[in-house]
2 protein chains.
Amino acid sequence: MTEFDSFFKSAFTVDNVIFGFDEGDLKVLLIKRGEAPYMGKWALPGYFVYPNEDLDGAANRVLEELTGLRKVYLEQVKTFGAVDRHPFGRVITVAYFSLVKINDYKLQPASIAQKAQWHPVSKVGELAFDHREILDSCLERLKSLVRLRPLGFELLPPHFTLTDLQHLYEAILETELDKRNFRKKILSMDLLVDLRQTQEGVAHRPAKLYRFDRDKYVRFQAEGFNFELKEGKRKESRRNRELAPAL
Amino acid sequence: MTEFDSFFKSAFTVDNVIFGFDEGDLKVLLIKRGEAPYMGKWALPGYFVYPNEDLDGAANRVLEELTGLRKVYLEQVKTFGAVDRHPFGRVITVAYFSLVKINDYKLQPASIAQKAQWHPVSKVGELAFDHREILDSCLERLKSLVRLRPLGFELLPPHFTLTDLQHLYEAILETELDKRNFRKKILSMDLLVDLRQTQEGVAHRPAKLYRFDRDKYVRFQAEGFNFELKEGKRKESRRNRELAPAL
DNA sequence: TTTTGCAAGGGTAAAATATACACTAATTTC
DNA sequence: GAAATTAGTGTATATTTTACCCTTGCAAAA
């Protein structure tokens with residue numbers, strides 16, 4: 001037994017706040033606990049991290065076992081380690097959130113998925129453990145990230161209308177946006193591709209469909225979040241500001 | 001032995017990136033390792049988390065043992081858990097950064113402090129373990145936070161000049177700022193108190209001294225980052241934007 | 001076939017903010 | 001008192017954000 005081995009060790013887990021967007025609501029996938037502690041309460045999906053697995057790997061595994069989805073957007077948010085957060089012993093948990101296209105979500109083996117259910121974020125009440133606090137941290141992080149990077153697209157199906165996109169942003173930011181300004185802003189970012197198709201089967205004027213252009217986004221990032229220089233007309237954009245508005 | 005006890009457990013630690021500002025440079029406090037692994041290499045200060053201690057507590061303890069400082073700004077950044085990040089076994093570490101007023105830093109018991117040294121961030125090379133990666137994450141986080149909240153003041157002595165403050169922002173953001181625009185912006189935020197004193201003993205026109213007004217900042221936050229409504233003239237400020245510039 | 005309901009789609013003017021830019025003022029030192 | 005050095009300041013322009021409503025296209029109902 002070396003000195004190293006003598007240090008206190010703890011169980012550690014990941015918890016994954018899985019966000020989806022459906023029916024105009026931001027939703028989160030919760031699991032009803034079938035065992036103590038907190039039996040019968042809703043909880044975030046999570047599990048122990050295996051010895052041969054890194055943290056992102058564990059979070060991805062949790063996600064995949066539950067939803068069958070791989071390669072979705074995943075972001076580490078914060079680690080929770082209050083001494084008494086788990087009644088059975090010391091457990092440190094690393095909180096992640098993921099963004100999934102809710103239509104891609106297929107119920108996995110009934111045994112697992114039976115107890116899983118999407119909940120509108122605005123209607124989630126108390127959760128098991130400190131999961132409510134974890135959810136709140138992830139929501140806050142999502143809110144701030146969505147203003148910095150075009151994450152919204154991760155939550156929408158491959159084809160969507162501008163109104164869909166606006167509703168998504170409104171749901172995440174918990175605010176109302178002006179339709180004309182929203183469209184102007186989004187289209188000016190030149191991240192959308194007009195699919196030259198329209199909605200079908202709606203009882204009103206059908207909307208145009210767009211898709212997100214991931215390649216353009218990559219360029220967008222590489223240029224330090226500047227707009228592209230189009231036709232040499234637009235000068236360097238304010239995106240690279242001397243000082244950000246809030247300093 | 002319960003099922004709970006049978007799960008894999010790991011050692012876990014905190015590492016603390018302690019930032020200071022001195023001589024126009026952003027600095028970080030590093031420790032020269034006196035033991036294997038990575039003996040003789042520079043490393044971030046860190047230690048195991050005790051069983052009765054939460055994560056913030058551990059980070060604060062590490063900071064206090066090294067610098068004697070309490071109640072400094074501390075922010076959890078990210079958790080690192082690559083399977084092989086520690087050659088002796090599985091160790092998960094939670095990375096924090098702290099902002100200290102470098103003049104307050106007093107060498108603690110020589111036994112500890114002997115090996116500690118401030119390094120300009122721009123001159124830090126390879127570090128032990130994955131500490132270089134941790135440092136980079138913390139730097140990046142600091143850069144983005146400093147644009148959202150007035151953190152800079154945590155790094156300056158209680159009284160400072162506008163030029164000091166500008167140099168600090170330039171060091172953190174790794175950019176040059178326009179003097180007039182910087183002053184306009186900072187003063188318009190109404191977070192500084194003019195101390196009606198000037199520098200002494202400088203071989204040029206002495207600068208006015210200011211201090212940060214923490215109370216005003218609290219109000220500033222509470223109002224959702226709006227400017228105060230002064231004399232009813234200024235309307236709601238753009239700080240609450242419909243959509244942030246980068247979306 | 002006409003009417004009605006409904007969401008889509010689009011532009012402009014005003015306000016706020018950010019940027020670029022250069023000289024005078026105050027102090028110490030020589 | 002001249003030189004050196006940093007502090008301190010204002011304005012004009014460019015860009016961005018905001019507020020604000022009517023016409024269009026489709027389907028369903030009349």
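Looking at residues two or more places apart in sequence or on another chain, you find a side-chain contact (heavy atoms from CB on, under 4.5 Å) between A:Glu133 and A:Phe80, A:Asp130. Residues satisfying the ring pair (Phe, Tyr, Trp, His ring centres under 6.0 Å) test with B:His159, not counting sequence neighbours, are none. When the salt bridge (charged side-chain N to carboxylate O under 4.0 Å, His left out) test is applied to A:Arg205, no partner is found at least two apart in sequence or on another chain. A search for side chain to side chain donor-acceptor pair (under 3.5 Å) contacts involving B:Ser137 returns nothing, not counting sequence neighbours. By the ring pair (Phe, Tyr, Trp, His ring centres under 6.0 Å) test, B:Phe97 is found to be paired with B:Phe19, residues two or more places apart in sequence or in another chain being considered. With sequence neighbours excluded, the residues satisfying salt bridge (charged side-chain N to carboxylate O under 4.0 Å, His left out) with A:Lys143 are A:Glu174. Every residue was checked against the side chain to side chain donor-acceptor pair (under 3.5 Å) condition with A:Asp104, not counting sequence neighbours, and none meets it. Not a single salt bridge (charged side-chain N to carboxylate O under 4.0 Å, His left out) links A:Lys184 to another residue, sequence neighbours left out. Considering only residues two or more places apart in sequence or on other chains, A:Pro157 meets the side-chain contact (heavy atoms from CB on, under 4.5 Å) condition with A:Asn103.
Across the protein-nucleic acid pair, B:Asp178 atom CG and D:dA7 atom C1' stand 14 Å apart, rounded to whole Å. Regarding A:Leu177, its CG atom lies at a distance of 12 Å from the C1' atom of D:dT18, rounded to whole Å. Look at CZ on A:Phe182: it is 18 Å from P on C:dA7, rounded to the nearest Å. What separates CZ of A:Arg183 from C1' of C:dA7 is a distance of 9 Å, to the nearest Å. Spacing between atom CD of A:Gln199 and atom P of D:dT24 amounts to 20 Å, rounded to whole angstrom units. One atom, CG of A:Asp194, and another, C1' of C:dG9, lie 13 Å apart when rounded to the nearest Å. In this structure, A:Glu176 atom CD and D:dC20 atom C1' are separated by 15 Å, rounded to whole Å.
In this structure, A:Arg180 does not reach the D:dC20 phosphate: none of its side-chain N or O atoms is under 4.0 Å from OP1 or OP2. Using a 4.0 Å cut-off, no side-chain N or O of A:Lys179 falls inside it from OP1 or OP2 of C:dG10.
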For nucleotides 12-14 of chain C, which of its nitrogen or oxygen atoms have a protein nitrogen or oxygen under 3.5 Å away, and what is each distance?
unit_1 : atom_1 : unit_2   : atom_2 : d
C:dT12 : O4     : A:Lys184 : NZ     : 2.8

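Within residues 201-211 of chain B, the residues having any heavy atom under 4.0 Å from DNA chain C are, by residue number, B:Val202, B:Ala203, B:His204, B:Arg205, B:Pro206. Within a heavy-atom distance below 4.0 Å of DNA chain D, the residues of residues 158-167 of chain B found are B:Thr163.
In this structure, B:Trp42 and B:His119 have perpendicular ring planes: the angle between them is above 60°, well past the 30° mark.
The pair B:Arg70-B:Glu64 meets the salt-bridge criterion, since a charged nitrogen lies less than 4.0 angstrom from a carboxylate oxygen.
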